[in-house]
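Scroll down for the structure; my scribbles are underneath it.
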Amino acid sequence: MSQQITVELPDGTSREYVSGTTPAEVAASIGTRLAQAAVAAKADGEWIDLARPLDHDVALQIVVPASDEGREVLRHSTAHVMAEAVTRLFPGAKVAIGPAIADGFYYDFDLPDGRTFSDDDLARIEDEMRAIVKADQRFERSELTYDDALALFADQPYKREIIEKVRSGAADAEDAGEAGGDGAAVSVYRNVVDGDVAFVDLCRGPHVPSTGKLGAFKLLKVAGAYWRGNEKGPMLQRIYGTAWESKAALAEHLHRLEEAERRDHRRLGVELDLFSFPEEIGSGLAVFHPKGALVRRIMEEYSRQRHEASDYQFVNSPHITKEGLFQTSGHLDWFADSMFPPMHLDEGGQDGAGTTYYLKPMNCPFHILIFKHRTRSYRELPQRFFEFGTVYRYEKSGVVHGLTRVRGLTQDDAHIFCTKEQMAGELSSLLDFVLDVLRDYGLDDFYLELSTKPPGKAAGTDEEWDEATEALRDAAQGKGLALVLDVGGGAFYGPKISVQAKDAIGRTWQMSTIQLDFQMPQRFDMQYVGADNERHRPVMIHRALFGSVERFFAVLVEHYAGAFPAWLAPVQVTVLPVSDRHDPYGFRIVDRLVAEGFRAEMVDGSSGQLGSRIRRAKTEKVPYILVVGDSDVDNGTVGVNARGSNDPERDVHVDAFVERLAAEVLEHR
RNA sequence: GCCGGGGUAGCUCAGUCGGUAGAGCAGCUCACUCGUAAUGAGCAGGUCAGGGGUUCGAAUCCCCUCUCCGGCUCCA
């Protein structure tokens with residue numbers, strides 16, 4: 001008599017089955033639609049295939065495509081299909097790893113004779129993949145001993161390396177994830193069609209039952225990638241693709257990609273005449289044009305106001321310094337490679353040694369020196385120094401990217417020096433301040449990330465790190481935001497909290513960072529005199545709210561798709577007279593607006609017909625276009641075209657418009 | 001830095017087999033005087049990223065440098 005097992009379903013109900021029943025059969029017993037949709041299952045939280053027999057009581061979740069888990073399975077299975085297609089089309093290709101990632105998947109290959117993929121290859125591979133999907137190959141799982149697996153993958157060195165690593169116990173989570181198995185064995189998946197094995201891959205699974213379940217996918221791009229992310233290791237060819245539960249979901253995703261491209265700040269920077277990167281200046285060095293500089297100035301001015309109101313003191317420091325400063329801080333130990341090379345001066349001096357200067361890659365040592373300039377009393381703590389400090393970092397050539405990763409940037413940098421007792425309160429109120437200011441720039445969907453001690457690249461003791469990390473965690477909790485752990489992501493001198501913000505199309509950007517630092521105060525031997533008349537070491541908090549002005553600017557451009565809200569828009573109002581007899585009235589409107597402190601300009605009839613002037617102003621994403629004609633001149637009104645509306649408002653009184661614009665600017669709408 | 005792909009007018013791009021460069025938009029001039037997303041005509045605009053090589057001849061083929069793009073690695 002066969003044994004019964006109890007299967008608990010996500011809705012809390014339980015059902016009895018004969019031992020050996022598969023998740024596929026469970027799904028079928030619940031409903032045909034579920035059975036048809038199912039791609040995999042989770043048993044007690046563990047991924048399994050639908051065909052894996054259940055032999056004990058279990059909490060079972062049937063995974064369907066239209067879920068995060070389901071898409072992960074689809075993507076991973078699609079990656080296998082891609083690998084099969086590549087090995088068919090490129091005999092001798094070595095396969096590395098091919099996981100599911102956010103929104104898609106990739107697979108790394110090593111092609112014979114150093115061959116590389118072209119865009120045409122991508123199309124061919126996609127065609128081959130469609131054939132494999134059409135053939136509806138079954139994914140069959142089996143477990144092999146290490147020796148059998150090594151033999152099976154005799155001509156796949158990357159797979160063998162993973163197996164060896166797992167066997168020797170040196171595997172990290174990534175390797176273990178690839179190899180599956182249960183410690184004495186590894187699992188492999190065979191793609192079987194008509195009894196023939198078309199492809200086999202080392203894999204933990206799970207996979208869809210057969211390739212026919214796949215189909216809504218697209219290969220996106222080819223890229224180089226290091227084997228195991230090791231800069232010194234071999235460079236593989238990576239193909240990125242995306243896969244979804246339906247054609248509609250795929251189309252939607254591709255549309256999102258287009259939308260992101262449309263918002264690209266590098267493209268809008270040219271279109272809206274905001275900034276550029278003249279080749280003559282050098283890589284990663286931007287110039288801001290009048291309109292971009294205007295937006296930037298407004299951003300900075302508002303930031304200054306807010307900092308002033310929150311008891312920050314403004315300081316300034318030079319762009320270059322003698323090397324000793326960065327030796328003391330430790331930056332030269334960690335970051336000499338990514339600093340602009342030193343300037344050696346006065347080498348003809350008596351001892352011939354001369355002096356070495358560096359461009360500053362950061363501002364903190366300067367602020368420390370300001371603190372240290374005289375004896376500080378506990379009465380003046382916390383001391384908050386703020387500076388728009390321009391720094392230079394020699395970013396590696398391949399990482400420079402628009403305004404988000406540049407070689408010359410301006411940090412809205414502040415350093416707070418306080419007592420240990422003040423630390424908790426200071427961190428908490430700082431976080432409130434940061435979030436509040438970010439909201440004023442139109443960002444309001446946040447989560448926090450806590451980055452801990454970086455292994456092998458950190459100064460200070462574990463005790464100091466633990467203390468600092470816990471202080472940050474305490475500050476982060478209770479803000480009502482999700483807190484995500486970023487293990488090993490801290491700076492060399494301390495852990496950090498970063499504020500991650502979602503933009504208008506749901507992309508996450510790292511915005512502000514708050515770092516707690518017990519190291520610099522020691523290195524620079526900072527002190528204050530306490531109430532007990534003894535000398536104490538202050539705690540130092542590093543923080544940047546924008547991060548860098550350039551980067552924040554880029555995020556705002558992409559967030560707003562170049563359509564800045566009125567308070568930030570370089571031109572708030574464009575006045576268009578219908579014909580040149582309305583010019584004097586148009587100028588009066590512009591004068592009035594400018595007198596009220598708005599940024600208004602007039603485009604008269606000599607630069608085109610009304611339709612073309614309207615078109616241009618709309619292309620420039622001006623918040624308000626005012627059209628003025630005969631009736632407006634007679635009645636003191638304007639025709640208002642608010643950005644985003646295709647419905648012009650006629651006969652709006654000038655006073656009413658001014659009031660409306662003023663309110664909008666004031667409220668940062 | 002590494003892998004791959006690019007650089008032709010301000011912008012977007014075409015340019016065949018190696019035979020000294022073309023369009024649209026933008027700009028300028030003139031005409032049009034117009035109520036909501038492109039009026040028309042004309043003009044002007046290029047050391048084909050820079051340097052070297054091959055060739056009778058190079059935007060085109062080769063090499064180097066700069067620079068951009070997609071990734072990887074990195075990001076104080």
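Side chains are part of it too, since the values below use all heavy atoms of this structure and drop only hydrogens, waters and symmetry mates. First the proteins, then the strands, lettered A, B, ... as listed; each starts at 1.
- Distance noted for atom P between B/rU60 and B/rC48: 10 Å (whole Å).
- Base pairing of B/rC2: its partner is B/rG71, meeting the Watson-Crick or G-U wobble criterion (both donor-acceptor distances under 3.5 Å).
- Considering only side-chain atoms of A/Phe335, the nucleotide from B/rA76, B/rC34, B/rG1 that sits closest is B/rA76.
- Using Watson-Crick or G-U wobble geometry with both donor-acceptor distances under 3.5 Å, B/rG35 finds no partner in any strand shown.
- Comparing B/rG35, B/rU33, B/rG71 against the side chain of A/Ser579 picks out B/rU33 as the nearest.
- By the neighbour-count criterion of 12 heavy atoms within 6.0 Å, atom NZ of A/Lys94 is densely surrounded, having more than that number from other residues, nucleotides or ligands.
- Taking atom OH on A/Tyr394 and atom C1' on B/rC74, their separation rounds to 14 Å, with Å as the unit.
- In this structure, A/Phe90 has its ring center closer than 6.0 angstrom to the ring center of A/Phe117.
- Between B/rG27 and A/Arg616, a contact under 4.0 Å exists linking OP1 or OP2 to a side-chain N or O.
- Distance check on atom C1': B/rC68 versus B/rG22 gives 24 Å, rounded to whole Å.
- The closest side-chain donor-acceptor pair between A/Thr410 and A/Thr390 falls under 3.5 angstrom.
- Residue-level contact check: A/Ser631 touches the bases, meaning some heavy atom is under 4.0 Å from a base atom.
- If you take atom P in B/rU65 and the same atom in B/rA76, they sit 30 Å apart, rounded to whole Å.
- Atoms CZ (A/Arg405) and C1' (B/rC75) sit 4 Å apart, rounded to a whole Å.
- Taking the C1' atoms as reference points, B/rC34 lies 14 Å from B/rA38, given to the whole Å.
- Electrostatic pairing of A/Arg262 and A/Glu259 counts as a salt bridge here, judged by a charged N lying under 4.0 Å from a carboxylate O.
- For A/Ala491, taking side-chain heavy atoms from C-beta onward, the closest of the listed nucleotides B/rA76, B/rU39, B/rG35 is B/rA76.
- Looking at A/Arg267, its side chain has no donor and acceptor atom pair within 3.5 Å of the base of B/rC11.
- Rounded to whole Å, the separation between the P atoms of B/rA9 and B/rC13 comes to 11 Å.
- Residue A/Lys396 has its side chain nearest to B/rG1 when only B/rA38, B/rA76, B/rG1 are considered.
- With P as the reference atom, B/rC62 and B/rC17 are 15 Å apart, rounded to whole Å.
- Residue A/Asp121 contributes atom CG, which lies 13 Å from atom C1' of B/rG5 at whole-angstrom precision.
- You'll find that the side chain of A/Val399 is closest to B/rC74, out of B/rC74, B/rA76, B/rG35.
- Searching all strands for a Watson-Crick or G-U wobble partner of B/rC43 with both distances below 3.5 Å returns B/rG27.
- One finds no side-chain N or O of A/Lys232 lying less than 4.0 angstrom from the OP1 or OP2 phosphate oxygen of B/rC74.
- Checking B/rG1, B/rG4, B/rG70 against the side-chain heavy atoms of A/Tyr226 singles out B/rG1 as nearest.
- Between A/His319 and A/Tyr392, the angle of the ring planes lies from 30° to 60°, which puts this pair in the tilted group.
- With a 3.5 Å ceiling on both atom-pair distances, the Watson-Crick or G-U wobble partner of B/rG22 is B/rC13.
- Under the Watson-Crick or G-U wobble criterion, with both distances below 3.5 Å, B/rC66 is paired with B/rG7.
- Residue side chain A/Asp630 does not reach the base of B/rG35 through any donor-acceptor N/O pair under 3.5 Å, judged by distance alone.
- A donor and an acceptor atom never sit less than 3.5 Å apart when one is taken from the side chain of A/Lys618 and the other from the base of B/rU36.
- Between the C1' atoms of B/rU33 and B/rU16, the separation comes to 48 Å (whole Å).
- In this pair, A/Phe335 and A/Phe492 present their aromatic rings tilted. The plane angle is within the 30 to 60° band.
- Aromatic ring orientation, A/Phe277 versus A/Phe275: perpendicular (interplanar angle above 60°, classes split at 30° and 60°).
- Closest to the side chain of A/Thr619, from the set B/rA37, B/rC2, B/rC72, is B/rA37.
- For A/Val627, the side-chain atoms get nearest to B/rG35 when compared with the rest of B/rG35, B/rA76, B/rC11.
- Defined by atom type and a distance below 3.5 Å, a donor-acceptor pair is present between the side-chain atoms of A/Asp503 and A/Trp509.
- The nucleotide B/rC48 finds no pairing partner, because no Watson-Crick or G-U wobble arrangement with both distances shorter than 3.5 Å includes it.
- The side chain of A/Leu610 sits closest to B/rU36 out of B/rC72, B/rG70, B/rU36.
- Contact check, A/His401 against B/rC68: no side-chain N or O comes under 4.0 Å of OP1 or OP2.
- The side chain of A/Gln237 sits closest to B/rG4 out of B/rG4, B/rA37, B/rC34.
- Neither OP1 nor OP2 of B/rG70 sits under 4.0 Å from any side-chain N or O of A/Lys221.
- The distance between atom CE of A/Met520 and atom C1' of B/rA76, rounded to the nearest whole Å, is 8 Å.
- Atom CZ in A/Arg523 sits roughly 12 Å away from atom C1' in B/rA76 (whole-Å rounding).
- The residue A/Arg266 sits close only to the backbone: its heavy atoms come under 4.0 Å of sugar-phosphate atoms, none of a base.
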